[in-house]
Amino acid sequence: MTTTNNTQNGGVSDLHPVSECDEEALVLGLDGGTTSTICVCMPFFPICNHHLPVPLPVLGRAIAGCSNHNSVGETLARDTLEQVMMEALSKSGAKKSAVKAVCLGVSGVNHPKDQERILNWLRDIFPRHVKLYVQNDAVAALASGSMGKLHGCVLIAGTGSIAYGFAEDGKEARAAGGGPVLGDWGSGYGIAAKALTAVVRAHDGRGPQTMLTDSILKLLRLSSPDELIGWTYADPSWARIAALVPEVVSCAEAGDGVANEILNYAVAELALTVKAVVQRLGLSREDGRGQFPVVLVGGVLVSNKNWDIGQKVVDCLMKTYPGAFPVRPKVEPAVGAALLACNFLMKEKERNGVIV
């Protein structure tokens, strides 16, 4: 985790006691993915008190486009982050001075240099008293399932895919998350790209015929697989390709062998991604029976009528780790990020002798 006090000297003097009843104390939580960026404004809650209200009060919520600097460049990414945070704050009716902490979970944060880059952006936006935390978006997704606690593993499979986990001692590990070029083949993009490839292979005689051909051509209003070349390269954005995943699922549910093979491959890849994290963190203990949550997030893992990718991944994992248990979050990752802001701020105050 990277954190900063928004001052040059970062002293404890900027910290003020925050009570659970302090209506002035707010936090911002942001989930920035490849497809969209969501920010929520919430009251500060001491996580350790276990008295979180149900439902959690979201005072303001805003949504914008992609904020991954690897996808859209630094200028647009920064503008998007600032826009969505200020809009959420505006909708809450509060002032910047009421914000005590901000936690951003942003895709493309893969290195301390990425964190420091975003922290530098934030220092220009918020008053000096605001505590700032920057994480990969997978950490916010994990917190959405654990309600602000960091333990277990999260599997995100949307446009992209990643697994991220924390052991009880704070050790963390990740697997995948580098984008389709670097092998996120269990992602929505990976599934859809394989489907497009299968259609082209069937058309030119390199592969078996598949229902995917008629299904995808009909959806895209194309008359021939030859036209897929122009359609694909006119805008090869990851989200645009990944939007074809429901067609693959529908064809698999209808019994198409090629579509089923693509989805089974995705399940194996996603399970392998989680296993890599579990093994590195020792979440399953030496006997393989340690209990830990696997938080499932992303459109690829949403339950389908007959072909439930998320459940098949869980079934695969439980053959190796019987103590693993699936968690489908009841709140969105942006709320998870806000709860992390509460958690991080509370721990920081405790370290500095401030009673919460």
Side-chain angles (χ1 to χ4, degrees), residues 1-2 28-40 62-85 102-122 132-145 150 153-166 172-192 236-243 245 270 273-274 277 295-301 329 332-338 340-341:
M1 175 188 73
T2 295
L28 293 178
L30 184 144
D31 171 42
T34 304
T35 304
S36 64
T37 301
I38 298 172
C39 183
V40 299
I63 185 168
C66 175
S67 56
N68 184 329
H69 66 273
N70 293 321
S71 299
V72 298
E74 290 193 13
T75 300
L76 183 55
R78 175 176 179 166
D79 290 346
T80 298
L81 291 175
E82 182 171 6
Q83 169 201 332
V84 76
M85 288 188 293
V102 179
C103 181
L104 277 67
V106 187
S107 65
V109 174
N110 304 309
H111 188 272
K113 290 183 179 179
D114 299 322
Q115 294 175 312
E116 188 60 33
R117 176 189 295 110
I118 296 176
L119 284 171
N120 286 334
W121 299 347
L122 297 179
L132 306 172
Y133 309 95
V134 176
Q135 299 279 353
N136 184 278
D137 62 331
V139 181
L142 175 58
S144 73
L150 292 180
C153 184
V154 63
L155 174 64
I156 302 177
T159 300
S161 60
I162 187 174
Y164 210 113
F166 284 82
E172 58 190 278
R174 62 174 281 174
V181 175
L182 298 179
D184 294 352
W185 295 116
S187 67
Y189 180 97
I191 291 170
S237 64
W238 297 357
R240 180 171 176 259
I241 303 296
V245 168
L270 293 172
T273 302
V274 174
V277 170
V295 180
L296 304 174
V297 177
V300 170
L301 303 176
E332 61 184 335
V335 173
L340 280 179

Stepwise, does the side chain to side chain contact (heavy atoms under 4.5 Å, CB included) test hold for L150 with L340?
-> CA-CA 9 Å; L150 292 180; L340 280 179; 3.8 Å; yes
Step by step, work out the side chain to side chain contact (heavy atoms under 4.5 Å, CB included) result for L104 and L81.
-> CA-CA 9 Å; L104 277 67; L81 291 175; 4.1 Å; yes
Starting at SG of C39, measure out to CD of E82 and round the result to the nearest 0.5 Å.
-> 12.0 Å
Do T37 and I63 have side-chain heavy atoms sitting under 4.5 Å apart?
-> no
Check: E116 main-chain N/O paired with N120 side-chain donor or acceptor under 3.5 Å | yes
Where P329 and V295 come nearest, the two heavy atoms and their spacing = CG-CG1, 3.5 Å
Is there side-chain contact between T75 and D79, with heavy atoms separated by less than 4.5 Å?
-> yes
How many angstroms lie between atom CD of Q135 and atom SG of C103, to the nearest 0.5 angstrom?
-> 6.0 Å
Side chain to side chain contact (heavy atoms under 4.5 Å, CB included) evaluation trace for V245 with Y189 | CA-CA 8 Å; V245 168; Y189 180 97; over 6 Å; no
With side chains defined as the heavy atoms from C-beta onward, is the minimum distance between L132 and I118 less than 4.5 Å?
-> no
Return the minimal non-hydrogen interatomic distance between S67 and G32, and the atom names on each side.
-> OG-CA, 3.4 Å
V297: which of L155, L142, V154, D137 passes side chain to side chain contact (heavy atoms under 4.5 Å, CB included) | V154
Without swapping roles, check the side chain of Q115 against the backbone of V134 for a donor-acceptor pair under 3.5 Å.
-> yes
Which atom pairs, donor and acceptor, lie under 3.5 Å between side-chain atoms of residues 157-164 and protein residues at least two apart or in another chain?
| from | atom 1 | to | atom 2 | distance (Å) |
| --- | --- | --- | --- | --- |
| T159 | OG1 | T35 | OG1 | 2.8 |
| Y164 | OH | E172 | OE1 | 2.6 |

All side-chain contact (heavy atoms from CB on, under 4.5 Å) counterparts of R117, not counting sequence neighbours = H69, E74, D114, W121
Side-chain heavy atoms of W185 within contact of I191, under 4.5 Å | no
Of all heavy-atom pairs linking V277 and A173, the shortest is CG1-O, 3.9 Å
What closest approach, in Å, do G105 and A140 show between heavy atoms, and which atom pair accounts for it?
-> CA-CB, 4.2 Å
Are any side-chain N or O atoms of R174 and backbone N or O atoms of A176, one a donor and one an acceptor, separated by less than 3.5 Å?
-> yes
Is D31 reaching over with its side chain to a backbone N or O of P333, donor-acceptor style, under 3.5 angstrom?
-> no
Euclidean distance, H111 NE2 relative to N136 CG, rounded to 0.5 Å = 13.5 Å
Please check if the side chain of T273 supplies one atom and the backbone of A175 the other of a donor-acceptor pair under 3.5 Å.
-> no
Nearest heavy-atom approach of Q83 to A64 is NE2-CB, 4.0 Å
Apply the test side chain to side chain contact (heavy atoms under 4.5 Å, CB included) to residues L30 and I38: give CA-CA distance (whole Å), side-chain angles for both, the deciding distance (0.1 Å), then the verdict.
-> CA-CA 6 Å; L30 184 144; I38 298 172; over 6 Å; no
